[in-house]
Amino acid sequence: MLRFAVTPTSDLKLDTLRIALYNFIVAKQRGEDFIVRIEDLEKESLIEGIDDEILDLLALFGVEFSQVIHQSQNIRFHSAMALQLVHERKAFSCFCSDNWLANKREEAKQAGEKYLYDDACRNLPAELIIDNTNPFSIRIARPDKPESIDSFVILNRDKTPTYNFAVGVDDMLSDISLIIRSEEFREETLKQKHVRDALKYEKQVEYLYLPTIKNLDTAPTVKELLREGFLPEAIVNYLVTIGDEVPQELFTLEEAIAFLELEKISQTPVSFSIEALQEVNRKHLQALDAKELSRYVGFADAEIGELARVYLDEVATTKELKAKIAPIFTERNIPEEFAKETTLLKEIIKNAPYFEEYALFKEYLIKESGLEGDSYLIPLRLLLTNATEGSDIAEIYQHLKNYIGEIIK
RNA sequence: GGCCCCGUCGUCUAGCGGUUAGGAUCCAUGGUUUUCAUCCAUGUUACAGGAGUUCAAUUCUCCUCGGGGUCACCA
């Protein structure tokens, strides 16, 4: 069983989606189940409804999961396991106050040492515990092996489980075999392992770390990218490509499942590049058939799809394509400086015969109008596309020639 | 500060003991296009530094330097 764990405290980020994709891909490759776990223990910063939004997004990206677990539903198990550890004297009550702990931490910092809990409450005599009316947390006794792990808190003073305890337990309960996670969780892994060791869980969970994506603080969220007109397929393609060896430039999630090799995942931190993503998106759009492409710009017409394809030379997203195509079918806003020539050309075109080829159309217009150079080209662009610059006018004419009567009125 | 990850053209990267160190992008030049753009051709530019292992090091080891992460009763 593999899992994707996510905190519903913010919109889905690109690196988080990347983690989800990798876990899903490997689950598919191994023929194991894949579940989503919503880590909703922290009540203050939870955002209402964002968990459903994340699940919808995963579905949109083709990530299928067999089950959704909300971590808060497991709290009774967390409590039971903590109790068991206390019984076995592998965990203990801690009455240390925040102030006292903060001072200790400050002292360690001043001395330039790593702060570790000093186990002050570890061996309190029973009568001291019984007589103590102060609130207390539950700490797990530190392991012998990695000395960097101290007796950390597993139940807060309000007896809700802490993150590392809950995750350690949940991964055990879900029978997780491999966890692909972000590099920043390396240290946490040790704590979660220690929890399972204390609970005498025999199975060794495998871990694989993905290098961080740099520059992500300024990068758009997944939702924003979709709104900007990036295709889910392209985003998947991009995320798998960065920092990874891929046999081909363009591929689908299905294909990634077929070729991805876990051992080859690069450990070099990668940078998010909107330009690279645009390039992938452009190519995915290019690969669509004309009618399908036209739907992304609000039509259902192969000819408009072909026209959009021409515009893919200059733009990379469906939103930008729309911004190019839509004005063609709206009223013209002619700049003063081209007004005269545009009016002249317009009259000629209205009375012109139909031309199959742009070359002949051009020849006719130049002859009839006497215009040349930019004073011909820009007014023509304005009439055809409602813009003063753009892609190859000959190509544009090819796809617009049947709409001339509609466009130029 | 301790621990962990990482260090190849300006940028993103390929490379996994022997390569003219490859690609993409940017930039420059030329060409195509009555075109800002597109497209084509050509060109400049990199193994962070230092020791070691080896016949041979960008590749393996160590040190230095640099970047990032992490050290909570937050998840």
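Both backbone and side-chain heavy atoms feed into the values below; hydrogens, waters and symmetry mates do not. The sequence lines fix the lettering, A, B, ..., with proteins before strands; numbering per chain opens at 1.
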Problem set entry | C1' gap between B:rC74 and B:rC62, integer Å | 39 Å
Problem set entry | P atoms of B:rC60 and B:rC5, separation to the nearest Å | 14 Å
Exercise. Is the Lys NZ or Arg CZ of A:K191 less than 6.0 Å from the centre of A:F152's six-membered ring, within 45° of the axis?
Worked result: yes
For this session: Assess the pair A:F251 and A:F259: is the distance between their ring centroids shorter than 6.0 Å?
Result: yes
Exercise. Using a cut-off of less than 4.0 Å, is there contact between a side-chain N or O of A:T268 and OP1 or OP2 of B:rU13?
Worked result: no
Exercise. Are A:K350 and A:E347 close enough, and set up right, to give a salt bridge (charged side-chain N to carboxylate O under 4.0 Å, His left out), and what steps lead you there?
Worked result: CA-CA 5 Å; A:K350 270 176 160 173; A:E347 285 311 310; 3.8 Å; yes
For this session: Please lay out, stage by stage, how A:Q192 and A:E188 fare under the test side chain to side chain donor-acceptor pair (under 3.5 Å).
Result: CA-CA 6 Å; A:Q192 292 159 23; A:E188 319 293 340; 5.2 Å; no
For this session: In whole angstrom, give me the gap between the P atoms of B:rU25 and B:rU64.
Result: 40 Å
Can you give me the N/O atom pairs linking the protein to nucleotides 24-27 of chain B at distances under 3.5 Å, or say none if there are none?
none

Exercise. Between A:F4 and A:F65, does the ring centre distance come in under 6.0 Å?
Worked result: no
For this session: Produce a footprint string for nucleotides 68-75 of chain B: one letter per nucleotide, 5' end first; B if the base is under 4.0 Å from any protein heavy atom, S if only the sugar-phosphate is, - if neither.
Result: BSSSSBSB
Output one line per pair: protein atom, nucleotide atom from nucleotides 63-65 of chain B, and distance, for all N/O pairs under 3.5 Å.
none

Problem set entry | Any donor-acceptor N/O pair, A:N156 side chain to A:D158 backbone, under 3.5 Å | no
Exercise. What's the CG-C1' distance between A:L384 and B:rU35, to the nearest Å?
Worked result: 14 Å
Seminar exercise, completed: Result for 5'-nearest mapping on RNA chain B, choosing between A:A276 and A:I393, is A:A276
Exercise. Which atoms form the tightest heavy-atom contact between A:M81 and A:F165, and what is the distance?
Worked result: CB-CZ, 4.0 Å
For this session: Describe the nucleic acid contact of A:S273 in one word from base, sugar-phosphate, nothing, applying a heavy-atom distance below 4.0 Å.
Result: nothing
For this session: Report yes if some heavy atom in the side chain of A:E357 is under 4.5 Å from a heavy atom in the side chain of A:Q398; otherwise report no.
Result: yes
Seminar exercise, completed: Note: A:L2 and A:I176 closest approach over all heavy atoms is C-CD1, 4.1 Å
Exercise. Is the charged tip of A:K159 near the ring of A:F136: under 6.0 Å from the six-membered ring centre and within 45° of its axis?
Worked result: yes
For this session: Measure from CZ on A:R282 to C1' on B:rA37 and round the result to the nearest Å.
Result: 11 Å
For this session: Could you tell me whether the side chain of A:N386 and the main chain of A:P327 form a donor-acceptor pair under 3.5 Å?
Result: yes
For this session: Please report, rounded to the nearest Å, how far the P atom of B:rU13 is from the CD atom of A:E279.
Result: 16 Å
Problem set entry | Base paired to B:rU32 (Watson-Crick or G-U; both N/O distances under 3.5 angstrom) | none
